[in-house]
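Naming: A, B, ... by sequence-line order, numbering from 1 per chain. Everything numeric here is computed off the predicted structure, so don't read it as measured data.
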2 protein chains.
Amino acid sequence: MTDTTRKPTINDVAERAGVSKSLVSLVMRNAKSVSDHRRAAVLAAAEELGYRPNAIARSLVSQKTHVVGVTVSDFRNPFFTDVVEGIATVAKANGYQTLINTGDRTPHGETEAIDTFIQLRTDGIILVGTVVDDETIDRIGTVSPLVSASYASGSLKIDSVVTDDVKGARLAVEHLVGLGHRDIAHITGGKGAGANRRVRGFRAAMKAEGLSERARVVEGEFTESGGISGVAELFGSGTKPTAVFAANDQAAIGVLRGLTARGIVVPNDVSVIGYDDTNLAAFEHINLTSVHQQRVLMGMTAMELMLERVAGSRQSARCVTLEPRLTVRGSSGRAPS
Amino acid sequence: MTDTTRKPTINDVAERAGVSKSLVSLVMRNAKSVSDHRRAAVLAAAEELGYRPNAIARSLVSQKTHVVGVTVSDFRNPFFTDVVEGIATVAKANGYQTLINTGDRTPHGETEAIDTFIQLRTDGIILVGTVVDDETIDRIGTVSPLVSASYASGSLKIDSVVTDDVKGARLAVEHLVGLGHRDIAHITGGKGAGANRRVRGFRAAMKAEGLSERARVVEGEFTESGGISGVAELFGSGTKPTAVFAANDQAAIGVLRGLTARGIVVPNDVSVIGYDDTNLAAFEHINLTSVHQQRVLMGMTAMELMLERVAGSRQSARCVTLEPRLTVRGSSGRAPS
DNA sequence: ACGTTCCATTGGAACGTTCCAACCTCGTGG
DNA sequence: CCACGAGGTTGGAACGTTCCAATGGAACGT
């Protein structure tokens with residue numbers, strides 16, 4: 001009562017209800033061994049004062065925050081927002097909050113974001129499409145439960161959940177070859193999470209089809225401009241491909257744009273395939289054939305792995321692999337004869 | 001030294017460096033009145049132990065968390081992610097973290113999310129495109145600094161930042177009228193934030209043009225399906241419009257889709273205008289004329305208002321209005337004669 | 001030589017909870 | 001009638017920081 005602006009504490013409630021703070025604490029956590037009339041009195045007092053338990057103080061003593069930190073490399077990429085949605089859904093269902101941070105796509109920024117989580121003592125950290133190196137991941141893994149989504153870390157300390165990108169790339173190649181394409185190019189995702197596996201998958205699949213020497217690979221990025229510059233390189237010199245497999249949907253959209261600007265018609269002249277099968281690909285006016293990733297499931301699985309770790313029910317590292325599949329739309333068609 | 005797994009505390013560092021915990025505290029907050037050799041000793045000890053200050057304990061005594069809670073109604077709408085990006089940028093630049101939560105688009109879910117923020121004692125709360133009612137907003141405003149983005153609350157306790165949607169709608173109408181259109185329809189955003197203002201602006205602008213009786217308004221939603229059903233209604237019966245103004249880009253994309261399905265050519269037969277001017281509108285294959293909102297600026301402004309409140313440098317409520325402008329692309333053209 | 005000021009440093013009291021051992025008060029069985 | 005256990009309740013000690021008043025020197029001017 002001394003200061004009317006200050007938020008009421010457990011002691012204020014106790015005083016008003018005429019009980020000890022310990023009893024208020026028990027009521028707030030609805031313990032069973034509390035008599036009905038006391039419980040009612042406490043709840044009434046709490047209601048009257050507008051008391052809300054202080055999660056900060058609670059965390060300090062219980063050594064649990066019920067918050068998991070999530071770093072996401074790019075907020076604008078719908079792939080990531082879907083993964084985050086999956087994480088948030090499972091988190092909320094289990095009484096966890098999510099603290100979201102973006103590392104500005106740089107290793108340094110992301111490391112800083114992670115450090116903040118450590119200082120905040122989040123119960124765990126989930127990296128979505130991380131760009132930090134394995135050594136750093138390993139180091140953090142010793143300090144905090146850590147799960148990586150969309151990037152398979154080499155570290156033995158942490159869990160990860162990824163799509164089988166090698167297979168995803170193979171699905172794309174097989175589809176194109178089935179349509180009669182032989183000169184197929186891949187625009188990579190640069191240093192982005194999963195980019196390596198897609199390149200390897202592409203090369204392996206082309207080899208399996210006996211098309212190794214016709215496979216072209218050019219360096220790109222997981223962005224629209226990455227796709228545009230890839231097209232410039234592919235169609236500037238050398239044998240022009242009849243099909244382009246881009247490392248993600250945003251890059252594929254850049255490819256569509258680059259091709260249109262050159263007067264090349266999709267899919268009549270050139271077929272295009274993306275990766276992720278985001279909502280973008282599904283828009284009728286884009287209508288992009290794309291390798292589907294189970295994005296929301298990826299996020300949900302990541303959070304489930306985290307819950308196992310937090311509960312201490314599992315010590316060993318686990319890597320969950322999700323199956324890709326191909327969603328065929330209008331941007332891929334028969335190879336020109 | 002008793003427990004090797006436990007995280008080191010300020011006392012461990014103090015002991016190792018041979019100083020008091022108070023001095024360690026000073027070094028950690030890099031206060032100036034510390035001798036160089038002691039500072040070096042403390043930093044060395046901290047480094048060796050891998051000490052990271054516990055932000056929880058710090059918050060408890062300082063009564064500041066340096067975290068702001070952000071509720072966002074729909075993660076998948078790129079408009080919101082841009083606003084959040086603006087918030088996060090300014091927050092980070094000022095040493096604040098953002099805790100993001102989605103209320104599952106329901107008032108109840110959002111209220112719950114807000115309550116969690118209150119228990120966590122976030123320094124403030126920013127609502128992005130909120131769906132909760134004015135009364136609740138008002139109540140929360142007495143407990144915590146509160147800023148609403150994209151929705152102008154009637155509450156006098158809280159700050160808000162919105163786009164001048166009445167003017168935005170007028171820009172759309174004037175553009176269409178300038179192209180010779182007279183039968184113009186509007187598909188609304190239903191109960192979404194800002195939807196009302198856009199309807200009012202549309203009606204007012206049509207009236208100003210002397211076209212009140214030719215204005216058609218049908219109920220929609222801020223989603224693709226909202227646009228599709230709007231088209232079904234508009235072109236199912238009654239005078240068919242030559243131009244459709246949708247309440248946001250996602251709905252406009254639904255409109256494009258619905259029109260294409262009916263064999264109606266854009267913009268030759270019908271012109272379409274969206275709202276938000278998201279990245280979607282800019283995609284070459286969508287190429288949508290749209291009313292531009294300064295999304296990132298909206299987020300940045302919201303966070304700046306929050307900072308003023310947190311610093312206590314302002315008590316009175318403020319409502320910042322941002323200017324819309326029209327981005328003309330390929331989906332709007334001259335009215336058919 | 002002696003106050004005075006200033007700087008570096010310190011221990012103890014907060015902050016608002018939970019946890020734990022201890023304490024009543026019954027009722028019950030021996 | 002007493003020992004015992006169980007249910008309900010309590011005060012004090014954590015948790016890991018920051019804040020504050022106090023301390024001990026060193027430097028300074030007179």
Taking the nucleotide of DNA chain C with the nearest heavy atom to each, does B:K21 or B:V34 sit closer to the 5' end? B:V34

Distance col, row A:T116:OG1 vs A:L99:CG, nearest 0.5 angstrom, shows 9.0 Å

Minimum heavy-atom distance A:S150-A:A193, with the two atoms named: O-CB, 3.7 Å

What distance do B:L146 atom CG and B:M306 atom CE have between them, rounded to the nearest 0.5 Å? 6.5 Å

Between A:A91 and A:T98, what is the shortest heavy-atom contact and its length? CB-CG2, 3.9 Å

Rounded to whole angstrom units, what separation is found between the CG atom of A:L23 and the P atom of D:dG11? 11 Å

Grab the N/O contacts between the protein and nucleotides 20-23 of chain D below 3.5 Å, and write none if there aren't any.
none

Would you jot down, in residue-number order, the residues of residues 58-69 of chain B having a non-hydrogen atom under 4.0 Å from DNA chain C? B:L60, B:V61, B:Q63

Can any side-chain N or O of A:R309 pair as donor or acceptor with the backbone N or O of A:L305 at less than 3.5 Å? no

For D:dG29, give the paired nucleotide (Watson-Crick: N1-N3 plus N6-O4 or O6-N4; G-U: N1-O2 and O6-N3; both under 3.5 Å), or none. C:dC2

Taking distance alone, no hydrogens or angles, what donor-acceptor pairs closer than 3.5 Å link side-chain atoms of residues 294-303 of chain A to residues at least two apart or in another chain?
from, atom 1, to, atom 2, distance (Å)
A:Q294, NE2, A:E323, O, 3.1
A:R295, NE, A:D82, OD2, 2.6
A:R295, NH1, A:D276, O, 2.9
A:R295, NH1, A:D277, O, 2.6
A:R295, NH2, A:D82, OD2, 3.2
A:T301, OG1, A:L297, O, 2.7

Need two values: the first and the last nucleotide of DNA chain C, 5' to 3', having an atom under 4.0 Å from any heavy-atom of chain B. C:dA8 to C:dG16

Which residues satisfy the ring pair (Phe, Tyr, Trp, His ring centres under 6.0 Å) test with B:Y96, sequence neighbours excluded? B:H66

Is the shortest distance from a Lys or Arg side-chain nitrogen in B:K92 or A:E112 to a carboxylate oxygen in the other one below 4.0 Å? no

Nearest-nucleotide wise, let me know which of B:R38 and A:Y51 is further upstream toward the 5' end of DNA chain C. B:R38

Using a strict cut-off of less than 4.0 Å between a Lys/Arg side-chain nitrogen and an Asp/Glu carboxylate oxygen, indicate whether B:D138 and B:K157 qualify as a salt bridge. yes

Considering only distance and modelled atom types, tabulate donor-acceptor pairs under 3.5 Å from the side chains of residues 43-50 of chain A, sequence neighbours left out.
from, atom 1, to, atom 2, distance (Å)
A:E48, OE1, A:R16, NE, 2.6
A:E48, OE1, A:R16, NH2, 2.8

